[in-house]
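Quick notes on the structure that follows.
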4 protein chains.
Amino acid sequence: MASHRVGSLAERLIMHSFRNDYMEGAHPRVMDALVRTNAEQQIGYTEDPWCMKARTAIRRAIVDSDSKGALRAANIAGASLQVEFVSGGTMANLLCIGAALRPWECVIATPDGHVNVHETGAIEGTGHKVLTTDDVDGVLTVEGVDAVMRAHEMGRNHHMVKPRMLYLSLATEFGAVFTAKQLADLRSYANKNDLLIFIDGARLACGLASEKCDLTLADVCAAADVFTIGGTKNGALFGEAIVIRNPAIQRYFKYYMKQRGAILAKGRLLGVQFATLFETTGTAAGIEEAQGDEAMYFSMGRHSVEAAARLKDVLVRHGYDSFASDSSTNQLFLTLDNDTADDFIRAFDADLSARPDASHTIVRMTCSWATTQNDIDEVERMLAGAEQE
Amino acid sequence: MASHRVGSLAERLIMHSFRNDYMEGAHPRVMDALVRTNAEQQIGYTEDPWCMKARTAIRRAIVDSDSKGALRAANIAGASLQVEFVSGGTMANLLCIGAALRPWECVIATPDGHVNVHETGAIEGTGHKVLTTDDVDGVLTVEGVDAVMRAHEMGRNHHMVKPRMLYLSLATEFGAVFTAKQLADLRSYANKNDLLIFIDGARLACGLASEKCDLTLADVCAAADVFTIGGTKNGALFGEAIVIRNPAIQRYFKYYMKQRGAILAKGRLLGVQFATLFETTGTAAGIEEAQGDEAMYFSMGRHSVEAAARLKDVLVRHGYDSFASDSSTNQLFLTLDNDTADDFIRAFDADLSARPDASHTIVRMTCSWATTQNDIDEVERMLAGAEQE
Amino acid sequence: MASHRVGSLAERLIMHSFRNDYMEGAHPRVMDALVRTNAEQQIGYTEDPWCMKARTAIRRAIVDSDSKGALRAANIAGASLQVEFVSGGTMANLLCIGAALRPWECVIATPDGHVNVHETGAIEGTGHKVLTTDDVDGVLTVEGVDAVMRAHEMGRNHHMVKPRMLYLSLATEFGAVFTAKQLADLRSYANKNDLLIFIDGARLACGLASEKCDLTLADVCAAADVFTIGGTKNGALFGEAIVIRNPAIQRYFKYYMKQRGAILAKGRLLGVQFATLFETTGTAAGIEEAQGDEAMYFSMGRHSVEAAARLKDVLVRHGYDSFASDSSTNQLFLTLDNDTADDFIRAFDADLSARPDASHTIVRMTCSWATTQNDIDEVERMLAGAEQE
Amino acid sequence: MASHRVGSLAERLIMHSFRNDYMEGAHPRVMDALVRTNAEQQIGYTEDPWCMKARTAIRRAIVDSDSKGALRAANIAGASLQVEFVSGGTMANLLCIGAALRPWECVIATPDGHVNVHETGAIEGTGHKVLTTDDVDGVLTVEGVDAVMRAHEMGRNHHMVKPRMLYLSLATEFGAVFTAKQLADLRSYANKNDLLIFIDGARLACGLASEKCDLTLADVCAAADVFTIGGTKNGALFGEAIVIRNPAIQRYFKYYMKQRGAILAKGRLLGVQFATLFETTGTAAGIEEAQGDEAMYFSMGRHSVEAAARLKDVLVRHGYDSFASDSSTNQLFLTLDNDTADDFIRAFDADLSARPDASHTIVRMTCSWATTQNDIDEVERMLAGAEQE
């Protein structure tokens, strides 16, 4: 691990922050759409035409991505998918879990699952326990789930909570992804054991863009009872789409949304944004070129992941090669000695992620649709400059 | 009540909708501010400089409006006020109530209180009962509250819920307001009986602009333990500010916000909007002129109320003078025979409010910052035209 | 109303208290059974042989009472009924409601329903709203329910709670009962409107024993999705049986019981008691003779109701004839001037029930399985004695 | 580990079950007291004279046990202790936690804590998360707690739950105990970090009777904000006493009890039992002699622990010496090969506790106040007999 020249980094602040992927407002095209539609009078609570357009666009994106026939195999019709919009990720998570479970049921997640650690007990606030596996990098496995299930007598002992839902993130909190094989195995296990699957897609675009992820949007939809399509971290001003495949979760979902304060009065804001993200094609991804008629939602994901890959090359080239997770998406987790970590945090506005031991710190550097080649070049220039001193 | 010429109204759709006060996006100045700051990289979760500016602006607006010395009398320092921002009204309501109460405590509201009727049991969803008085027009009274308190043995019988908070709306669901005297009486009663006061200000700007309301923002703040300043219905793209005066509610409020999915990742969006609403002065209110250095938040309220007053004049002049509530703000509740009501709903996109009996309908017509003199003139032309047929 | 001689009553305390129907411990036969089985080692949590016996006895009592074919008509097999035991009434109520409803669903009750007034918000504590009708004497009616349903758009508007369950008490809080016709009408309305029916049978034995009640236990079972059979107020040391007919409520009920702290470790205590109450026949009801092979659970109900009828005769004979409710069971609600009420409360340990106006008080006098003819005679002697002074 | 002769054990069922410590009803003296008071008419809801006597007896037992001055040191007056009674342990646990915490606060427990594993999510059902340490044998340590606290930024980050209460069991689920030093260290840590301490005393009598436990009842009271005194597992028919020292938890505790269905209508049953357990002295403990004026509650604990010690001697003598936990109380956890475990389960009605690996089983054998020397002798005879075959 490089460490000899970090001292001087601390004084060199670059303009771009690598802290996280929601530092900016919206992608300019999304902002334009909001401005363009601002004076329209529309009915509220996501019942407006823009939300209808966005729902249609998302359903079509799912169906059109079904290159492997996952939807057909699972007998899923695009028209049967319910799509709702909410303002943020914690809200989306608690809604999907709370609307699906009965009071005595619980969720199984990895220890680092967002619902387990970073939502101030939001799931427990809906009355449900979160059980955790021993899995690493946030990648839930059949083995991990099965151990929890056995410890809970497969849900058949009423003196313990009944596990009823698997919580997965794509990409995970540590930037990892699932393969089609892994997801199929979890689905198969779930089917055999009366478990639902919820996939938190706060960073779905980046997950799907990972070269290690052979899943399409249709695959995700076919595997999940309910999943989210994150907007906040992928170019929207704010907002997450929730796609509900399981009819039992669909039926009264809007009642639960309303009760939890999740239906935006001017729901059109979410409709305009998601319609734009899924209907605008041919948008240059920035670092990468747009691919044919790919919707900008996916282009931005590819851009973010490619930017992170280039940033990783730069870091490794300069000796920073101790990564704390097997991330293949837009986040890099770098283990550094504490002093170097402090420098990275100040110089690049990197995020302090964890302190694995007394002398080391894990910092996170995140790329987004807004990260440019120039931003990455600037990191390289600074690292090179530090070495020369 | 006029009724002889309504048949033909049904075919005359005017452009402007009087359905509610959140049909449009944001006031152009608010939208401009969002566009202008869009590329900035800011820290998340309402910890950014824009939210700090907005908090300061709101605190100053409160302090500067203290013409009668209410804050001084209550020994309230502006700096001690906590200001938080959330995306919507139901969320604001459930947060303010849920964060303040212990499990066995409950809220007292009027039967038509938003928290009692139109939030799908959001308050009960936090575990708390809503008790209702017999008050009319949404105006909670000491007499109404006292009857409930006596029926619950003043909260001293542990076999019944303990009333702990009064829920008021300014303006009320029916467009009515409170006077300084009424609010002072409720505060006095509350102090004697260990009750908190929460004022739902979803339509606060209109309430304060009413000629029947002799309250200032400072008076509201001095009377309430916690209150909200509605943005959604007064020119913001979305968002409500929550002002917390009571230290016991302040302390862990953000934990509860996070747990309930209420902290917006890009909190800066709310900061930019409220900073604009409370810092932009001299903005023509539209129908009315701006008053000196009045912030646009208040100008828009005055505009909405004045527009409704003019609309009321038009309606009365044409014989529609049977109003179902004593509204002095931006909403008019008109009792019509069912056929006429249908016409109003189609012609003006009026809102069906209630069906008091088999042959009558109450329709609501709402004015907002976006309602122009021309829109009102168009209503008058249509009513006049209908009479000539 | 008699009033001229009450002053001296205050000094004459009789031995028996008419305060309520749970002043004593258990009926001696129940106590004997507990003593007899005390040394047995039994498995816990209501899985023991005594609970199995009690379940069988209750199922048989239901089936055997089906003189009118209600169970057959509803296609209900006795074996399909799930019977659980808990320690008290508020617990039984919150379990039956909480286990049946989804978060956005609510209960409809009369204003005086036990769940609405006297459980410190237990139902709201499970997250569910209680909506109230305008019905009197606690007798829920189709008209009352329908008005609430219409105000909530028949449950089809997700901006309001979805009514999903009717809460009835047999007997009601005011001692009234339902007829077979009334219950059939509610069931029919419920079927048409996707509503469940829960019958709180804390005083079921008295309800069934009323001469105004033409229902059998089988009728109650056929009409309800879930109902309770109260032990606490009818001779048990403590405990309520819950009979669940609806399979959707049955399935995970014990998980919810455990979560709510409702499964008694030494569940055998409840089994022993209910087995005794439903298997012991030929027990003299006390005031009345036992009827053939009637189980003591029913005999005690008849006893209590007959005792109250005799007490009522005594009261009326002495001029106390202003009753506040149309009770035909074991409770009498007497409207008295405040001074007389104070005397009754002191002399007979009557219960202060309500203060309808400034000068009157409603007192409740309750008879139970433990009330003897001698206790009633003593009341009469005192009233007669007071008159002579 | 002995294993050669277990095959034949399977056919030899002894009369006494070692499955758990709540197989019987009540200690005969407790049962006698219930019978003796059965006909009394008493006011309900634990407001009766028996409950008052029991409260006084428990307060006195606490004060009288203050041999080391722990109460004086902590400035605790016996009269300031609130004592409540409920029917079971899960209920007691959820009440003590739910009444003390605000929605965003959570409990820290060991992984095997009863509240974490065996209550079907009762604590999460009240909205609170349970965080777990890495501690073994159920003995919470400062080190274990501190690691959790650090991972949660000492409760200062509103994106995570705020740890607010430590949950300890005395004795633990695995029969272990705390020393005065361990408890003092936890209290000291709690004081520094704004944490409450709740001690689950379902098996308190056994914990205090352990030779490894140098705590008195007064020490427990001084260390805990709230603790329970288990009756169910120590000779009561049913029931747990809750002792609340912290005034903030005391104040509205009965409201919460009522809301949760925890106030027994015939509260006198609990009063009679606890008055008997704490006022009856000189009762032979059975195996041991009564010590002077020791209340039977403590004698029974000593009896249970001594019985287990003798049983352990028997087991070890016959080669069964692989114990899975360091129990010094009334439960023994024996690791056996699966076949031998099956035999023990059938022969002694031992409890299957866990399956640590594919070929081994941990069985639990529990002694209680009802276990006699003869029962232990019978075990020895059987083990000896098996060896001879």
Side-chain angles (χ1 to χ4, degrees), chain C residues 15-17 19-20 22-28 30-32 34-35 37-45 86-95 98 118-126 202 232-233 236-238 254-266 268-269 272 349 370, chain D residues 15-17 19-20 22-28 30-32 34-35 37-45 86-95 98 118-126 202 232-233 236-238 254-266 268-269 272 349 370:
Chain C
M15 291 304 297
H16 187 75
S17 163
R19 191 182 188 88
N20 62 49
Y22 45 95
M23 300 294 284
E24 294 83 9
H27 187 285
V30 172
M31 204 65 203
D32 283 351
L34 287 169
V35 170
T37 59
N38 187 53
E40 291 179 8
Q41 284 191 308
Q42 296 287 7
I43 197 168
Y45 305 114
V86 299
S87 60
T90 295
M91 176 58 86
N93 289 346
L94 74 85
L95 285 175
H118 289 107
E119 300 184 355
T120 317
I123 306 311
E124 291 81 4
T126 67
T232 301
K233 293 169 179 167
L237 198 58
F238 68 100
K254 291 203 86 164
Y255 286 79
Y256 196 55
M257 284 178 66
K258 179 66 189 175
Q259 184 178 79
R260 294 282 164 172
I263 303 187
L264 199 67
K266 296 181 190 167
R268 44 97 70 78
L269 301 176
V272 167
D349 200 25
Chain D
M15 290 304 295
H16 187 75
S17 163
R19 190 183 188 86
N20 62 49
Y22 45 96
M23 300 293 283
E24 294 83 9
H27 187 284
V30 172
M31 204 67 200
D32 283 351
L34 287 170
V35 170
T37 59
N38 188 52
E40 291 179 9
Q41 285 191 309
Q42 296 287 6
I43 197 168
Y45 305 114
V86 299
S87 59
T90 296
M91 176 57 87
N93 289 345
L94 75 84
L95 286 175
H118 288 108
E119 300 185 354
T120 317
I123 306 311
E124 291 82 2
T126 66
T232 301
K233 292 170 180 168
L237 199 58
F238 67 101
K254 292 204 85 164
Y255 287 79
Y256 196 55
M257 284 178 67
K258 180 67 189 173
Q259 184 179 77
R260 294 283 164 170
I263 304 186
L264 198 67
K266 295 181 190 169
R268 44 95 72 77
L269 301 175
V272 166
D349 200 25

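Contact of D:Leu34 with chain C is made through backbone and side chain together, with heavy-atom distances under 4.5 Å. Residue D:Leu95 does not touch chain C at all, counting heavy-atom pairs closer than 4.5 Å. Contact of C:Leu237 with chain D is made through backbone and side chain together, with heavy-atom distances under 4.5 Å. Of the two parts of C:Ile43, the backbone and the side chain both hold a non-hydrogen atom closer than 4.5 Å to a non-hydrogen atom of chain D. With a 4.5 Å cut-off on non-hydrogen atoms, C:Ala265 touches chain D through its backbone and its side chain both. Both the backbone and the side chain of C:Arg260 come within contact range of chain D, each with at least one heavy atom under 4.5 Å from a heavy atom of that chain. Both the backbone and the side chain of D:Ala26 come within less than 4.5 Å of a heavy atom of chain C. Proximity to chain C (any heavy atom under 4.5 Å) is restricted, for D:Ala236, to the backbone atoms N, CA, C and O.
Listed by chain and number, the residues in a side-chain hydrogen bond (donor to acceptor under 3.5 Å, both in side chains) with C:Glu124 are B:Lys129 (sequence neighbours excluded). Applying the side-chain hydrogen bond (donor to acceptor under 3.5 Å, both in side chains) test to C:Thr232 and every residue at least two apart in sequence or in another chain returns C:Glu240.
In this structure, D:Glu119 and D:Leu94 have side chains that are not in contact, with every pair of non-hydrogen atoms separated by 4.5 Å or more. The closest side-chain heavy-atom distance from C:Gln42 to D:Arg19 is not below 4.5 Å. Using a 4.5 Å heavy-atom cutoff, the side chains of C:Met91 and D:Met91 are in contact. Looking at heavy atoms from C-beta onward, D:Lys258 lies in side-chain contact with D:Tyr45 at the 4.5 angstrom threshold.
Note that CD1 of C:Ile263 is 10.5 Å distant from OH of C:Tyr255, once rounded to the nearest 0.5 Å. Going from atom CD of D:Glu40 over to atom CD of C:Glu24 covers 10.5 Å, rounded to the nearest 0.5 Å.
For the set C:Asn38, C:Asp32, C:Ile123, the entry with the most heavy-atom pairs within less than 4.5 Å of chain D is C:Asn38. By number of non-hydrogen pairs under 4.5 angstrom with chain D, the leading residue of C:Gly88, C:Gly261, C:Pro28 is C:Gly261. Between chain D and the residues C:Ala262, C:Ala92, C:Gly121, the most heavy-atom pairs under 4.5 angstrom are made by C:Gly121. Put simply, of C:His118, C:Met257, C:Lys266, C:Arg268, the one with the most heavy-atom pairs under 4.5 Å next to chain D is C:Lys266. With chain C as partner, the option from D:Thr120, D:Val272, D:Leu269, D:Thr90 having the largest number of non-hydrogen pairs under 4.5 angstrom is D:Thr120.
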Worksheet entry | Stepwise side chain to side chain contact (heavy atoms under 4.5 Å, CB included) check, C:Met23 with C:Asp349 | CA-CA 11 Å; C:Met23 300 294 284; C:Asp349 200 25; 3.9 Å; yes

